[in-house]
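Sequence lines set the chain letters: A, B, ... in the order given, protein chains first and strands last, and positions in each chain run from 1.
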Protein chains: 4
Amino acid sequence: MSQPMLAAVTTADAIREQAALLFFERGYDATTLRQVAAAVGIKVSSLYNHIESKEQLLLSVMGGVMDDLLALQKVAVSQDVDVIDRLIAVLDCHIRFSASRAREVFIGNSELRSLPTDARAKVIAKRREYERRIQDLIVEAGREGKAVVLDARLHTYSIVAKGTHVASWYRPAGALSMDRIINIYAKAALRELSVNDADTRVDGWPAAA
Amino acid sequence: MSQPMLAAVTTADAIREQAALLFFERGYDATTLRQVAAAVGIKVSSLYNHIESKEQLLLSVMGGVMDDLLALQKVAVSQDVDVIDRLIAVLDCHIRFSASRAREVFIGNSELRSLPTDARAKVIAKRREYERRIQDLIVEAGREGKAVVLDARLHTYSIVAKGTHVASWYRPAGALSMDRIINIYAKAALRELSVNDADTRVDGWPAAA
Amino acid sequence: MSQPMLAAVTTADAIREQAALLFFERGYDATTLRQVAAAVGIKVSSLYNHIESKEQLLLSVMGGVMDDLLALQKVAVSQDVDVIDRLIAVLDCHIRFSASRAREVFIGNSELRSLPTDARAKVIAKRREYERRIQDLIVEAGREGKAVVLDARLHTYSIVAKGTHVASWYRPAGALSMDRIINIYAKAALRELSVNDADTRVDGWPAAA
Amino acid sequence: MSQPMLAAVTTADAIREQAALLFFERGYDATTLRQVAAAVGIKVSSLYNHIESKEQLLLSVMGGVMDDLLALQKVAVSQDVDVIDRLIAVLDCHIRFSASRAREVFIGNSELRSLPTDARAKVIAKRREYERRIQDLIVEAGREGKAVVLDARLHTYSIVAKGTHVASWYRPAGALSMDRIINIYAKAALRELSVNDADTRVDGWPAAA
DNA sequence: CATGAATGAGTCTTCATTCAT
DNA sequence: AATGAATGAAGACTCATTCAT
């Protein structure tokens with residue numbers, strides 16, 4: 001009823017879905033379990049047949065995001081192709097993920113501080129690993145003379161920031177198609193690194209795969 | 001003690017300062033007026049001799065940020081120089097502000113939704129105006145053939161995102177000096193727009209002023 | 001596992017057993033039906049196939065205690081022997097019961113107030129009857145010059161109190177054997193009443209039976 | 001207002017008083033903070049201006065009881081008189097305290113298990129110390145041939161039990177005066193130990209002091 | 001019989017806010 | 001100005017109980 005497109009099979013799924021929506025819209029602290037329950041169509045106490053606590057609910061919402069993202073990035077990074085092509089793959093992965101799972105990504109960014117200390121630490125570690133891989137690629141490209149690196153870390157931040165930003169406004173029904181967004185941001189990133197034929201590389205990209 | 005340079009003269013100032021710190025660290029919802037009072041060294045009820053409400057406190061913390069930012073941007077934009085130089089000035093303004101007033105900027109980004117509807121609307125309008133000016137500059141540069149614009153809005157977002165990101169991690173004592181960060185991000189932005197001699201333009205910039 | 005000797009045959013029995021254990025350890029109010037269910041190895045809802053309500057469970061745990069005790073006391077009181085011998089029999093009965101069914105006795109003492117009003121009234125009536133019989137014996141002994149009674153009621157309380165106390169600490173595996181405890185407390189009670197040859201009477205007691 | 005005799009000066013005192021009353025009547029678990037607040041004549045949330053938590057309230061109610069009791073007992077034990085006189089003094093102290101502060105003593109006995117583990121451990125240690133002193137006196141009396149000891153520990157329990165029991169029913173307005181109760185129970189205790197002239201010793205007791 | 005799920009009632013606790021002093 | 005106390009509103013969570021499967 002409340003999920004026209006994605007009918008949640010389990011009540012537990014429905015709870016996670018609605019919670020994600022509400023956490024995204026109002027923030028974790030400002031979201032009441034009453035609101036979550038109402039959105040699902042059950043009473044607050046019934047919630048506890050499916051979740052352990054509000055904190056656990058947040059965890060399960062943020063849950064796999066970083067793992068999924070790391071897994072996808074791994075694939076992109078591991079391809080046996082040119083650095084630039086791997087970089088493009090990583091960019092594609094980054095923006096596509098940030099857009100297609102915008103809500104979770106956004107929550108993952110904004111509600112880190114609502115997480116219990118140990119869980120937060122784990123997520124932060126994954127985040128660092130994720131950024132490190134991007135940075136490594138940038139350094140490699142620089143070393144091979146295929147990019148003019150100003151500051152590897154800041155270039156990385158610049159890329160990461162694009163994803164964070166996209167996650168805050170992307171809507172499937174928006175004016176810009178996801179592929180177009182990815183295409184432009186990938187070009188922008190390569191340009192920022194002064195990669196030769198940045199635009200062409202991006203447009204001809206999946207070809208090499 | 002927590003503000004080495006700017007010792008708050010008024011109690012009201014101290015409150016705003018500590019509130020900013022706490023809102024930044026834990027978020028508006030998760031911050032208690034008790035915590036603010038404790039940080040200032042007074043009791044909760046005494047707070048109300050200086051503030052009207054928690055919401056008003058948030059407003060006064062986020063208060064001038066957008067106004068100040070718009071004012072600074074205005075100066076940058078109004079200079080009677082080359083588009084690219086104006087763009088650089090705007091970039092400098094953007095990153096410098098995002099870094100030097102990181103906490104307020106961060107709160108302004110993350111706690112928009114905690115604002116009462118009308119206040120939120122006003123801030124959003126200012127935000128749009130701010131972004132519009134950047135976008136206009138990009139469009140102008142593109143029209144004059146001094147930049148190869150892929151999508152003016154996305155380029156704008158890319159720039160804005162850098163500031164948002166910087167506001168989340170910049171510390172005065174950090175490894176990177178503010179000027180260096182600005183220098184690199186300005187180059188990155190010009191490169192992203194395929195501006196000729198991007199790096200040189202940035203390095204030689206204030207000269208024209 | 002928790003009942004080495006008396007393995008509960010019925011699930012209903014197991015429930016009563018575990019409930020008794022938990023009520024004893026944590027009190028009725030502090031005991032959760034979930035805990036009872038867990039102790040039995042079933043789920044909470046399954047409990048209701050065997051009990052009517054938590055209150056009824058308490059009732060059935062406290063259930064027969066007073067009836068059983070009264071019945072045993074009846075036998076002791078009705079013997080056709082010397083008052084002192086009957087008193088000793090009653091003392092034996094009292095302490096033996098308090099020790100051998102310590103948990104139920106303890107619960108019966110401490111959870112009276114958790115009982116619904118009418119049930120509580122019934123138990124209290126039985127209690128009074130029980131104490132009255134002891135008191136009557138004391139009075140009789142006094143009248144016959146076989147005891148020096150200070151205050152029949154207080155002597156009765158003194159005896160009752162010993163049982164209550166024993167019920168709170170007696171463990172079958174403890175240092176003192178049950179028979180020894182009974183022997184000593186019986187002597188103490190007779191001594192308290194200044195019965196002649198108190199110790200000898202107790203030691204030679206079952207002889208007369 | 002609600003305490004005709006003992007007008008509590010502080011609100012905090014009133015809370016402790018009413019809490020003691022309610023904990024005594026219905027038990028800690030069955031007592032609601034709402035009830036406590038209502039009894040005091042304030043709202044539940046106001047309670048928290050005076051207490052830290054329900055558990056702390058229990059602690060502060062049970063608070064000094066054992067300390068006070070130990071202090072009084074110390075005085076009785078330390079007198080430079082005959083063992084039997086010291087024993088009588090200790091008995092007087094025990095029963096008098098159990099009666100005059102019946103509610104607190106009762107709560108201290110019945111709600112031990114509601115205490116957090118560490119607090120419970122402390123109270124239990126004090127209890128043991130208290131009982132040990134009684135037992136030492138009994139042993140001493142036995143060694144000096146002034147008492148015929150059956151089992152020092154059980155005699156101690158017998159005495160302790162009388163106090164516990166008294167605390168459960170004593171009312172200042174009751175039929176038996178406190179002094180009479182003390183007198184009888186002291187005699188009963190000495191008789192139980194086969195002390196010579198038990199009754200006379202008790203009746204002539206304070207004389208030696 | 002056993003159980004997963006639902007739920008109304010109620011628990012302790014926190015918080016922003018007010019007001020008399 | 002500062003504060004102790006009071007309070008309405010709300011929040012997360014628990015529990016005994018019911019019912020369909």
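- Under 4.0 angstrom from either OP1 or OP2 of F:dG4 there lies no side-chain N or O belonging to D:H50.
- Atom C1' of nucleotide F:dT3 and atom CD1 of B:I42 are separated by 10 Å, given to the nearest angstrom.
- Rounded to a whole Å, the CG atom of C:N49 is 13 Å from the P atom of E:dG4.
- The salt bridge (charged side-chain N to carboxylate O under 4.0 Å, His left out) test applied to B:K126 returns B:D67, not counting sequence neighbours.
- Scanning for salt bridge (charged side-chain N to carboxylate O under 4.0 Å, His left out) contacts around A:R16 gives A:D13, with sequence neighbours left out.
- Residues passing the salt bridge (charged side-chain N to carboxylate O under 4.0 Å, His left out) test with A:R34, sequence neighbours excluded: none.
- With sequence neighbours excluded, no residue forms a salt bridge (charged side-chain N to carboxylate O under 4.0 Å, His left out) with B:R120.
- Axis angle between the ends of the helix from E:dA2-F:dT21 to E:dT21-F:dA2, five pairs each and rounded to 10 degrees, works out to 0°.
- In this structure, the CG atom of A:L47 is 10 Å from the P atom of E:dA6, given to the nearest Å.
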Quiz prompt | Protein-to-nucleotide contact annotation, 5' to 3' order, nucleotides 14-21 of chain F [B base; S sugar-phosphate only; - none; under 4.0 Å, heavy atom] | solution = BBSBBB--

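- In this structure, A:L22 atom CG and F:dA12 atom C1' are separated by 16 Å, rounded to whole Å.
- Note on residues 106-117 of chain A: pairs passing salt bridge (charged side-chain N to carboxylate O under 4.0 Å, His left out), not counting sequence neighbours, are A:E111-B:R113, A:R113-B:E111.
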Considering only distance and modelled atom types, tabulate donor-acceptor pairs under 3.5 Å from the side chains of residues 38-54 of chain A, sequence neighbours left out.
from  : atom 1 : to    : atom 2 : distance (Å)
A:S53 : OG     : A:Q56 : N      : 3.1
A:K54 : NZ     : A:Y28 : O      : 3.0
A:K54 : NZ     : A:T31 : O      : 2.8

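- Taking every side-chain heavy atom of A:S46 into account, E:dA6 is the closest of E:dA2, E:dA6, F:dT7.
- B:V65 places none of its side-chain heavy atoms less than 4.5 Å from the side chain of B:R103.
- A:A125 pairs by the side chain to side chain contact (heavy atoms under 4.5 Å, CB included) definition with nothing, not counting sequence neighbours.
- At whole-Å resolution of the value, CG in A:L58 and C1' in F:dG11 are 16 Å apart.
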